[in-house]
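See below for the structure under consideration.
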Amino acid sequence: MTRIHVSTTVNGDATEFLCEPDETLLDVLRERLGLTGTKEGCGTGDCGACSVTIDGRLVCSCLVLAAEVAGCEVATIEGMADGDRLHPLQQKFLDHAALQCGICTPGFLVAAKALLDRNPDPTETEVRYWLAGNLCRCTGYDKIVRAVMDAAKEMRRA
Amino acid sequence: MRYEAPRSLKSAVALMAGARGSAHILAGGTDLLVRMRSGYAEPDLIVDIKHIDGMKSVVAEKGGWRIGAAVSGAEIGEHKGLCRAWPGVVEAANLIGSTQIQGRATMTGNLCNASPAADSVPALVAAGATVRIAGPKGRRDVAVEKVPTGPGKTSLKKGEIIASVFLPKRPARSGDAYLRFTPRSEMDIAVVGVGVSLSVNTKGVCTAARVALGAVAPTVLLVEPAARALVGTTLDETALEALAAACSKACRPIDDKRGTVEYRIRVAGVLARRAALIAYERAGGRK
Amino acid sequence: MALDKGFDQPRKFKVVGTRPLRPDGIDKVTGRARFGADMNAPGMLVGRILRSPHAHARIRGIDTSKAEKVPGVKAVVTRKDFPKPRPDLADIMDNVMAGRKALYDGHAVAAVAATSVHAARKALKAIKVDYEVLPHVTDVDEAMKKGAPLLHRGRSDETVPAGFSGNVMHRFEYGHGDVEKGFKQADLVIERHLKTAAAHQGYIEPHACLASVGPDGNAELWVCTQGHYMVRNTCAGLLGIDASRLRVTASEIGGGFGGKTTVFIEPVALMLSRKANKPVKIVMSREEVFRATGPTSSTSMTCKIGMKKDGTITAGLAELRYQGGAYPGSPVQYGAMACFAPYDLKNVKSIGYDVVTNRPKQAAYRAPGAPMGAYAVESVIDELCRKLGLDPLGVRLKNAAREGTRSSYGPTFNQIGLPATLEAAMRHPHWKAKLGKNQGRGVACGFWFNFGGDTCVSMNVTPDGTVTLTEGNPDIGGSRASMTMMAAEELGIPYDQVRTVIADTSSLGQNDVTDGSRVTFAVGLATIKAAREAIKICCERAAKVWGIDPDAVVWEDGHAKPAGPNAGKFPPMSLKEIAAIATNTGGPIAGHHEVNAEGAGVSFATHMVDVEVDPETGAVKVLRYTVFQDAGKAVHPSYVEGQFQGGAVQGIGWALNEEYIYGADGRLQNPGFLDYRIPVCSDLPMIDTVILEIPNPGHPYGVRGVGETSIVPPLAAIANAVSAAAGVRLTELPMSPPKVLKAIGAARA
Amino acid sequence: MVKVAIWGSLRAATGGKGEVEIEATTLRELLDRLAEDYPGVRPQLARGVSVSIDGLVYNDSWFTPIRPDSEVVLLPRIVGG
């Protein structure tokens with residue numbers, strides 16, 4: 001296989017990498033770029049642990065070929081906080097104890113941010129359906145939904 | 001494996017037609033990458049069609065809408081014109097997978113994957129949609145129901161690519177709806193899916209109808225007796241009973257991990273009634 | 001003895017009972033936390049495992065010669081590479097890598113290490129395994145019948161009566177009184193046969209490890225596990241090396257629920273690394289997790305209970321048949337012990353059969369074995385209440401186990417919280433809320449043990465007076481916060497001045513696995529003891545400085561203070577001040593505690609749930625859910641609530657949709673999150689919680705384990721609610737829509 | 001003498017007795033004497049037992065004191081999940 005050279009933007013930084021043609025974006029983020037905050041829970045798009053945005057659109061990075069992101073803007077969990085200032089969603093996840101083991105947390109945060117970027121005032125039902133592609137086995141989702149609703153409220157005030 | 005991202009349909013067709021070994025189109029990739037991971041697909045060539053003009057756009061055409069093959073479910077859901085004209089098709093497209101999957105998955109991919117349980121297909125068939133196929137011998141338009149020929153199989157020939165889906169002009173006083181049954185509220189594959197599209201006259205009498213079923217046979221079923229049960233009625237109880245019976249009768253399902261034969265037959269009728277009533281209300285027939 | 005009989009009550013807590021942010025929180029919301037698959041090493045190889053496609057097959061031979069020649073392949077391993085295991089590790093060895101036979105679809109038969117994923121995949125395809133396919137059995141009732149295909153020969157023990165197949169490994173029996181006499185005293189006796197499907201823990205993080213074995217024989221392993229000391233001991237045993245040579249570091253762990261309490265890939269990675277002389281990383285795919293790790297048992301059960309018109313239960317009899325996969329050790333004994341434990345019964349008997357089948361060896365799953373037995377008993381009690389027109393909470397309270405009750409499994413309970421949970425349930429607005437059409441409400445009780453076990457904690461006071469706490473139990477749901485809180489409480493210093501870390505296996509003595517709801521109880525106990533030791537040293541140092549007797553110094557609010565009439569008047573010395581002069585007063589200050597923390601308490605819960613059933617499709621929607629559970633003392637109430645909620649939702653999944661589906665070929669048909677349906681966010685309502693605090697006399701703060709009990713009542717609570725809404729008793733889990741619709745149809749016909 | 005309650009299926013090993021009397025002041029003595037007096041119990045002791053003393057469960061601590069009036073119940077070994 002001939003490797004492909006890809007120029008892209010990751011979390012605002014111009015980034016280049018070489019990848020195999022069949023390598024996924026998830027594998028490149030984790031194995032080549034050292035961004036291991038994006039997790040693999042299933043590799044088949046069923047758990048949402050690998051959620052990232054590409055040009056603002058929420059996707060499972062396990063279902064994207066790395067070669068496809070040439071010229072795109074990729075955003076991962078590592079780019080969510082502003083320096084040492086947590087994003088309100090990150091802070092609310094901590095305040096509400098919305099994580100237990102924490103493996104699904106990056107995916108939930110990236111997905112929840114994509115929701116609030118579009119809909120600053122979601123109902124509980126909208127939050128639950130938007131996040132239905134993110135599996136959490138520890139929390140029963142209760143505290144996650146509360147954290148997202150509370151973060152939305154705070155962001156509307158700001 | 002080779003990855004190509006051609007800029008024109010012509011070169012995409014040429015790549016696919018000239019490919020040796022197994023060649024796959026990549027649009028959303030939400031089926032293809034899963035199959036690659038599990039080892040079911042081992043492509044020698046992947047042709048990414050997203051950089052081809054028109055593949056990512058929804059354009060008005062003859063009062064209807066032409067949807068590029070790489071338009072994602074999320075983009076369909078955000079398109080006001082499509083939502084107004086064909087709410088059932090939009091609902092069906094938006095039921096494919098999670099928010100994340102919606103960011104990538106396309107109706108054309110859903111069709112070409114040829115799963116009997118594909119959500120968007122019954123809605124497209126009910127809507128009377130066609131696809132435009134580009135191939136080495138030029139282009140042709142084909143009714144959606146002619147594309148899948150069996151689980152995982154399509155009528156596309158070597159080198160052929162579906163470039164777009166066309167939803168016709170919605171007649172006056174018409175409505176469509178799609179319902180599916182899944183054990184979970186989301187993230188699931190249809191156990192049964194029903195698409196209904198119908199028109200009514202000013203008195204609320206149904207003048208035309210198309211009813212399509214998914215996940216109850218090797219391919220999507222366009223059930224004409226079910227349509228006939230509706231035409232000429234105001235969707236009264238007798239008509240709905242006849243509709244349900246016609247749908248159940250048309251089913252040729254299998255027992256599998258997602259449902260039983262008995263269950264699918266029964267629920268096809270139940271969902272058909274419910275979908276028909278939604279479509280009827282959307283058509284202005286009220287209930 | 002670890003037990004601190006002197007439970008300090010009533011005690012005013014300053015830190016315990018508050019809700020500070022967890023110490024590992026920022027790492028986990030920023031993606032910085034390192035889980036099993038997040039570690040790399042220079043020169044690392046990719047490890048992959050070849051698995052049996054057959055449910056049952058003799059392995060005539062394995063030809064790895066072609067695989068070894070694939071470019072990039074550095075090692076190939078089969079069972080032949082491992083030494084003969086000790087008897088106590090024989091089943092674990094055989095499960096890690098098949099020997100004479102492959103016993104289930106997914107059973108590991110060989111492994112490779114290569115420089116790339118592609119090379120590893122190619123090598124797996126090049127391995128030729130000569131299988132002789134044998135008849136298989138995956139259903140527990142079929143496996144028990146004489147003439148069933150046998151997995152092993154001569155493994156049934158002396159407890160198994162004649163008439164069963166050789167797949168029945170062991171028979172348990174508990175109880176007291178005379179159940180036949182009891183049934184005669186009843187006004188109504190109901191007997192039901194019930195079944196439950198195998199459920200998987202469904203942790204989101206697949207098993208992953210990175211092994212590195214050097215030519216000097218020293219080995220390192222990075223792994224996501226519930227117990228890295230267990231991993232060390234087991235792997236050292238399987239590889240035939242000294243435990244001290246193997247240093248295991250626990251990564252952050254992405255869920256376990258009991259499923260990460262044994263080894264699967266770790267010995268293989270170590271063996272590959274030893275052969276290749278390079279680090280080897282193995283990460284399971286989700287499909288491998290489903291096919292080849294340990295779900296819980298599927299069961300078949302018979303339950304018979306007699307009740308008087310006034311609600312008194314006169315007798316209870318349960319026969320539980322659990323298949324535990326390919327090797328002995330299903331959790332049926334816990335099911336048999338726990339199923340009647342919530343009740344004060346004169347006549348009770350529970351029988352358990354441990355059965356092997358051609359399925360993956362079960363692993364612990366949150367209160368292993370208890371939810372299924374509780375499902376049987378609580379379903380029949382519910383049906384009795386309905387038929388006799390009795391209040392299901394009132395009946396449960398009337399028969400509830402209390403302090404002094406002789407439990408169905410033998411011991412007499414001390415202070416327990418079941419009546420308190422039932423009374424709280426009766427008072428709760430949920431109990432009085434109106435139900436609509438096609439809706440039903442169900443309640444159920446549940447019991448689970450708590451465990452203790454080997455525990456080591458080391459607490460070090462730094463020169464600036466802040467404190468590091470080192471413990472050896474992977475933090476699976478926020479336990480570092482609880483330990484930090486208990487340390488701060490005892491030392492009388494702020495929460496943020498204590499930092500808790502999980503040590504590798506070379507840094508502390510033996511620690512048992514994070515299981516059995518033991519960590520907050522046992523590690524908390526050791527933390528408090530370690531703090532008390534450090535405090536004692538601090539008081540001695542202050543006494544030296546003041547020139548008074550150490551007995552005349554007390555520790556209050558983080559300060560040493562002179563106490564007693566002859567102690568003299570000295571200004572209190574803070575921990576910071578004492579730490580600053582530690583070098584001058586005798587050297588560094590530390591406290592440590594090593595203990596087998598015996599004497600854990602027991603735990604009870606009552607759950608209440610409302611559901612709506614669609615009578616035309618059989619779909620069930622959970623509308624409202626409330627958990628009432630005794631926590632002893634809730635150290636960090638947010639994480640206690642989280643345990644209640646998480647267990648309840650796992651139970652909802654088990655009750656409604658989750659199941660291992662096997663085809664006629666004995667192969668697992670749904671090894672993925674698409675068709676193994678764990679609940680998604682949009683399936684659920686908020687999960688309300690009510691924390692009761694009935695102190696555990698065996699812990700200085702009264703703490704009980706809270707992690708597991710919450711999964712015990714939901715199966716029955718939901719079954720009772722669905723049965724009420726559907727108007728027909730459901731007796732098989734999961735209550736998937738086709739089953740519910742069929743039951744409704746049959747009842748109406 | 002301490003009275004030890006024996007669970008149902010183990011009674012076959014104690015000649016059907018649901019309760020046996022053992023001369024013991026610690027857990028270790030209890031288990032040793034039990035094996036001596038009732039050899040049929042040995043296979044289960046080898047598989048592992050837990051002992052409930054006055055309502056609290058002990059697995060391994062040999063020197064756990066047992067008073068003559070303690071309630072002692074022999075259980076199969078309890079481990080967790």
Side-chain angles (χ1 to χ4, degrees), chain A residues 1-6 19-27 40-72 107-108 110-115 118-119 122 125-135, chain B residues 1-7 21-51 56 70-78 91 94-106 109 182 184-189:
Chain A
M1 273 190 237
T2 319
R3 286 190 179 178
I4 300 174
H5 176 258
V6 176
C19 68
E20 305 286 346
D22 63 350
E23 209 170 339
T24 64
L25 175 60
L26 174 62
D27 286 341
E40 176 172 316
C42 68
T44 49
D46 299 315
C47 80
C50 67
S51 295
V52 301
T53 59
I54 299 175
D55 295 335
R57 186 69 78 184
L58 182 67
V59 300
C60 286
S61 59
C62 72
L63 296 186
V64 177
L65 290 180
E68 292 183 72
V69 301
C72 296
F108 266 99
V110 169
K113 182 173 179 292
L115 168 65
R118 271 170 189 72
N119 180 358
T125 303
E126 285 169 338
V127 171
R128 286 187 180 275
Y129 274 86
W130 183 274
L131 296 177
N134 291 82
L135 299 182
Chain B
M1 189 194 114
R2 201 153 58 101
Y3 168 85
E4 297 287 350
R7 300 273 158 180
S22 99
H24 291 260
I25 297 287
L26 172 67
T30 52
D31 285 315
L32 178 60
L33 267 76
V34 174
R35 290 169 60 207
M36 282 166 63
R37 171 157 180 125
S38 61
Y40 287 118
E42 292 180 47
D44 297 297
L45 171 69
I46 280 182
V47 178
D48 182 350
I49 57 168
K50 288 192 289 295
H51 300 278
K56 292 288 284 175
V71 174
S72 71
E75 287 160 346
I76 289 171
E78 288 160 11
E91 274 163 5
N94 286 170
L95 278 171
I96 304 166
S98 61
T99 315
Q100 285 85 341
I101 300 298
Q102 282 291 307
R104 298 261 297 166
T106 67
T182 57
R184 289 188 293 193
S185 56
E186 268 283 342
M187 294 305 290
D188 234 325
I189 303 291

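All values reported here derive from a predicted model rather than from experimental measurement. Throughout, a chain's letter reflects where its sequence line sits, starting with A, and its residues are numbered from 1.
- Screening residues 58-69 of chain A for salt bridge (charged side-chain N to carboxylate O under 4.0 Å, His left out), with sequence neighbours left out, gives A:Glu68-B:Lys50, A:Glu68-B:Arg104.
- Among residue pairs with one or both ends in residues 45-61 of chain A, those qualifying as salt bridge (charged side-chain N to carboxylate O under 4.0 Å, His left out) are A:Arg57-B:Glu78; sequence neighbours excluded.
- Contact of B:Ser38 with chain A is not made at all, since no heavy-atom distance falls under 4.5 Å.
- For the options A:Thr24, A:Leu115, A:Leu65, heavy-atom pairs under 4.5 Å to chain B are most numerous at A:Leu65.
- Proximity to chain B is absent for every atom of A:Thr53, based on heavy atoms less than 4.5 angstrom apart.
- Put simply, of A:Ser51, A:Gly45, A:Ala67, the one with the most heavy-atom pairs under 4.5 Å next to chain B is A:Ala67.
- Contacts between residues 29-37 of chain B and chain A, defined by a heavy-atom separation under 4.5 Å, are made by B:Gly29, B:Thr30, B:Leu33, B:Val34, B:Met36, B:Arg37.
- Heavy atoms closer than 4.5 Å to chain B are found nowhere in A:Ile54, neither backbone nor side chain.
- Near-neighbour residues of residues 94-102 of chain B relative to chain A, defined by a heavy atom under 4.5 Å from a heavy atom of that chain, comprise B:Ser98, B:Thr99, B:Gln100, B:Ile101.
- In this structure, the portions of A:Val64 lying under 4.5 Å from any heavy atom of chain B include both its backbone and its side chain.
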